Peer 1: 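I'd like to ask some things about the structure below.
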Amino acid sequence: MTVAPIDATTISVLHTLHKLDNDFATMATAFENGEFALWVGSGISRKAPSLGNLVTRAVEFLRQRTVDLATSARFRPALATALRYGGVEIADVESHLGVSFSLWPNYTQIRDALWNRYSELLDVRLQGEPSDFMLWDAVDVRDAFSHPAAPASEHLSIAILILEGALQEIASANWDGFIEAAVEQLAGTIHGNLQVVVDPAHLRDAPGKARLLKFHGCIIHATDDPATYRSFLIASKTQILNWPEAQATAAMRAEVISAATNLKALMVGLSLQDVNLQSVFVRARQTNPWPWPSAPHAQAHVFCENEIGEGQRQILKTVYADAYNDNIPDIEASAHLQAWGEQVLLAFVLKLIADKLTVLMRLSLEGKSSAASADQLAHSLKQLRDAIAGHAIGDRTAFANAAIAMWARMISLFRTGELPAVPNSYQLISGSSLGQLAQDANARAASFGELAIALALLSDGQADGLWQLSGPTGADLSAGALTSTPTWASAQPRAIFFVRTAKVALDLQKSGAFANDNTIVIHADDAWHQLQQRGTPSPRRPKRSPGRTGGPTTLHVSITQLAEAEPDIAALRKRFSSEVIL
C-alpha cells in the first residue's frame, strides 16, 4: 500500500509532537522558557472572514452600484480598476455584470488573483470618499466581523500557553478578537492575563501575563469606538507602505521591532508578503543581528508552513545576511516546521503540560529511593501524552474543548473536591515558564508532582494491558476524573479520583462522590492512611489496609506512601497495580 506523503495539512498532532521532541527539541525548550514571540496571521483565524470573502464583498459592492444607473458613472471606474487587479478587463465581463459576482464563470480565478493583491484592491479610491472607503463601506468590515464564532483550537492553545507562562509576547496582523475571547473563556477575564495593544495609549496600561500587539488594528475596538480606532485598521497598500514611517504608528512600530529584535519568532498563519512586516525584520537585523549557526541556542525564526515561501525566504535572507548564502539548506530546514499552526500549537500545549508535570514529579521524588527511576516515570508521562495526542484528529477544536473540560474537572476535583464552576475554563499548573518552575514554591506545594506520578503509573498499567483509561462516564460528581476498566472479561469500570489532601477526600465523600462503592481514590499525601493506622476509622474503610478484597469497594491509595516505601520503579509499579486492581 502506498503511504501518502506527510505535509503541513496531513501531519498529525502526535507526529508534530515527535518533531518537537527531536529535530526541534532545542527550539521547543526555548519556546517553553518564553524565548519566543508568537507572530500570528490570518491563517489561524479560519472562522473569521477570509481575504477571499472580503474580496468578494468589495467587488460585489462595486458591481451593484455599477449596474445601478443612478450610481454607475461614479462606481464603474472603480470596478474596472478592481477587476484589472484581478486580471480581467471590465469589457470582458460585461455580460456578467447583471448577476452576483460569486456566480460569474471566472469568479474563482478573479477572486484568487485579488486575494494576492488585496491591499491594492482596498486602495481603490473614489472621489470625495475617505481613503479607507473600500474597507469601511464597500467591504463593510464591521458587518463582516460581526457575530464571530467561538475560538478555535489554535486560539484556545494560545490562551493556555499564555496562562502557563510560555508566551509573553504576541504580534498579530489579525483584526479579529479570537485570542482575547479564548483567554476570557479559559480564565474568566483578560484583565491581568492579556494586555491588548491597539494604539499608543494601551502601551501604558497595566501589564498582563502576555501582551498582544495588534499592529494592523482591531475590529472590536474599531466597531465600539470608530472615532478613535478606525484609523488604526491597516489594509490598503498605501497604509502598508506608510506604516514603517508614519508618526501615528511610531509607538506600535517600536514595540513590534523590539519583539523582532529581542525575541525569537514562531510564525503561524503569516504570509509575510506585506512590506511593513519585512521592514520590521530589516530594522531588527540592523539593531542586533541573529547569529548563524545558532547552536547551542535555538534558531531565531521558525515558520509553520507547508513550504518556505518567498515572504519567509526574504526574512531569512534579511536576518542571517551573508550567512544565508553559505548555509541555505541548513537555515531553511531549521526554520521550516512543516505543520500548520493548529497542529503546532496543540502539540506545544500537550508538551508543556507533560513537561511541567515531569519537572514537578522529579522534584517530588528528591530524597526518595525511587528518585533514580524518575526517567522511567518521565517516559511513562510522555507515553500518556502521546496517547492523548492520538485523539486529536478530525475536529481539533472539539478535541481541544473536550480535553480542556476533562483537565479542568480532574484538577478542580484534585484541588478542592468540587466540580469546576465553569466547565470549559482552564485550570493552570503554574504561571511560571518551564525554566522557572523549580523556583515556584506554590507550584511545588500544590502536589502536582504526586499527581504526575499517579498519572505515569496509570499510563504504565494501560501500556501493560492491565486496564484501559478513558474519560468520566458521566457529568455527575461520582463519575470522578477518569475511568479505569480492567481488561479481563466482565470487569466493571471504576471511577478514579485524584485528591491533594485527606480533607479533599472527606469533602468528596460527604458530597456522595464515593456512593457507588466502586471507586479508586489516589491521594497525593499520606494523611488518610495515617488516620487509619492511628485507629481512626474512615467513614468507608474502617481499620483496613488497601489491597485486594475480592469485591468492589472504595480503594484509597497514597502516592507519597508508595514512593517512600518502594526502592525502584519496578517495585513501585508492581505495588501500585496491586493496590488498584480487584
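Since the model is a prediction, treat every value here as computed from it, not as a measurement.
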Peer 1: With distance as the sole criterion, is a donor-acceptor pair present between the side chains of Gln185 and Tyr426 under 3.5 Å?
Peer 2: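 Gln185 vs Tyr426: no donor-acceptor pair found between side chains.
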Peer 1: Checking ring-ring contact (aromatic ring centres under 6.0 Å, His included) against His202, which of Phe232, Phe215, Tyr229 comes through?
Peer 2: Tyr229
Peer 1: Step by step, would you call Asn53 with Thr56 a side chain to side chain donor-acceptor pair (under 3.5 Å)?
Peer 2: CA-CA 5 Å; Asn53 290 336; Thr56 300; 5.3 Å; no
Peer 1: Check for a donor-acceptor pair, side chain of Gln299 on one end and backbone N or O of Ser334 on the other, with a separation under 3.5 Å.
Peer 2: yes
Peer 1: Would you confirm whether Arg142, through its side chain, and Thr223, through its main-chain N or O, come within 3.5 Å as a donor-acceptor pair?
Peer 2: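 Absent.
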Peer 1: Scan Val268, Leu345, Asn306 and name whichever one has a side chain to side chain contact (heavy atoms under 4.5 Å, CB included) with Trp340.
Peer 2: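 That would be Asn306.
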Peer 1: Do side-chain atoms of Ser72 reach the backbone of Asp68 as a donor and acceptor pair under 3.5 angstrom?
Peer 2: no
Peer 1: Closest heavy-atom contact between Thr249 and Trp243?
Peer 2: OG1-O, 2.8 Å
Peer 1: Less than 4.5 Å apart, any side-chain heavy atom of Asn276 and any of His216?
Peer 2: yes
Peer 1: Could you check whether atom CD of Glu129 has more than 12 heavy atoms from other residues, nucleotides or ligands sitting under 6.0 Å from it?
Peer 2: yes
Peer 1: Hydrogens and angles aside, do Tyr107 and Ser100 bring a side-chain donor and acceptor to less than 3.5 Å of each other?
Peer 2: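 Distance-only check fails for Tyr107 and Ser100.
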Peer 1: Are Gln338 and Glu305 side-chain neighbours, meaning at least one heavy-atom pair lies under 4.5 Å?
Peer 2: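 No - every pair of side-chain heavy atoms lies 4.5 Å or more apart.
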Peer 1: Is the backbone N or O of Val99 less than 3.5 Å from a side-chain atom of Arg63, with the two atoms forming a donor-acceptor pair by type?
Peer 2: yes
Peer 1: Do Ile162 and Leu186 have side chains that get closer than 4.5 Å, going by heavy atoms?
Peer 2: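 Result no, sub-4.5 Å side-chain heavy-atom pair not found.
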Peer 1: Side-chain contact test, heavy atoms from C-beta onward, threshold under 4.5 Å: evaluate it for Ile404 versus Ile160 and give yes or no.
Peer 2: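 Contact flag for Ile404/Ile160 side chains = yes.
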Peer 1: Please examine the side chains of Leu97 and Arg76, heavy atoms only from C-beta on, and report whether any two atoms are closer than 4.5 Å.
Peer 2: yes
Peer 1: What orientation do Trp292 and Tyr320 show, parallel under 30°, tilted 30 to 60°, or perpendicular over 60°?
Peer 2: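 Correct class here is perpendicular.
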Peer 1: What orientation do Phe133 and Phe75 show, parallel under 30°, tilted 30 to 60°, or perpendicular over 60°?
Peer 2: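 Tilted: the ring planes of Phe133 and Phe75 meet at 30° to 60°.
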Peer 1: Using a strict 4.0 Å threshold on nitrogen-to-oxygen distance, state whether Glu60 and Arg111 make a salt bridge.
Peer 2: no
Peer 1: Phe36 vs Phe31 aromatic rings, parallel, tilted or perpendicular, using cut-offs 30° and 60°?
Peer 2: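 Because their plane-to-plane angle lies in the 30° to 60° range, the rings of Phe36 and Phe31 count as tilted.
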Peer 1: Backbone N or O of Ala400 within a donor-acceptor pair of the Ser153 side chain at under 3.5 Å?
Peer 2: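 The answer is no, because no donor-acceptor pair under 3.5 Å joins these two groups.
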Peer 1: Check whether any side-chain heavy atom of Phe303 sits under 4.5 Å from a side-chain heavy atom of Leu316, and report yes or no.
Peer 2: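 They are in side-chain contact.
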Peer 1: Kindly indicate whether a cation-pi arrangement holds for Arg65 with Phe61, taking the cut-offs as under 6.0 Å to the six-membered ring centre and within 45° of the axis.
Peer 2: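 Yes, Arg65 and Phe61 form such a contact.
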Peer 1: For the backbone of Ile315 and the side chain of Arg285, can you confirm whether one donor and one acceptor N or O come within less than 3.5 Å of each other?
Peer 2: no
Peer 1: Is the side chain of Lys19 donor-acceptor paired with the backbone N or O of Ala339 at a distance under 3.5 Å, no angle test?
Peer 2: no
Peer 1: Does any non-hydrogen side-chain atom of Arg211 lie less than 4.5 Å from one of Glu255?
Peer 2: yes
Peer 1: Check whether Lys237 reaches the backbone of Leu122 with its side chain - one donor and one acceptor, N or O, closer than 3.5 Å.
Peer 2: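 Side chain of Lys237 to backbone of Leu122, a donor-acceptor pair under 3.5 Å: no, none is there.
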Peer 1: Hydrogens and angles aside, do Asp123 and Thr238 bring a side-chain donor and acceptor to less than 3.5 Å of each other?
Peer 2: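 Yes, Thr238 and Asp123 have a side-chain donor paired with an acceptor closer than 3.5 Å.
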Peer 1: Do NZ/NE/NH1/NH2 and the carboxylate oxygens of Asp21 and Arg385 come within less than 4.0 Å?
Peer 2: yes
Peer 1: Ser12 versus Gln343: any side-chain heavy-atom pair under 4.5 Å?
Peer 2: no
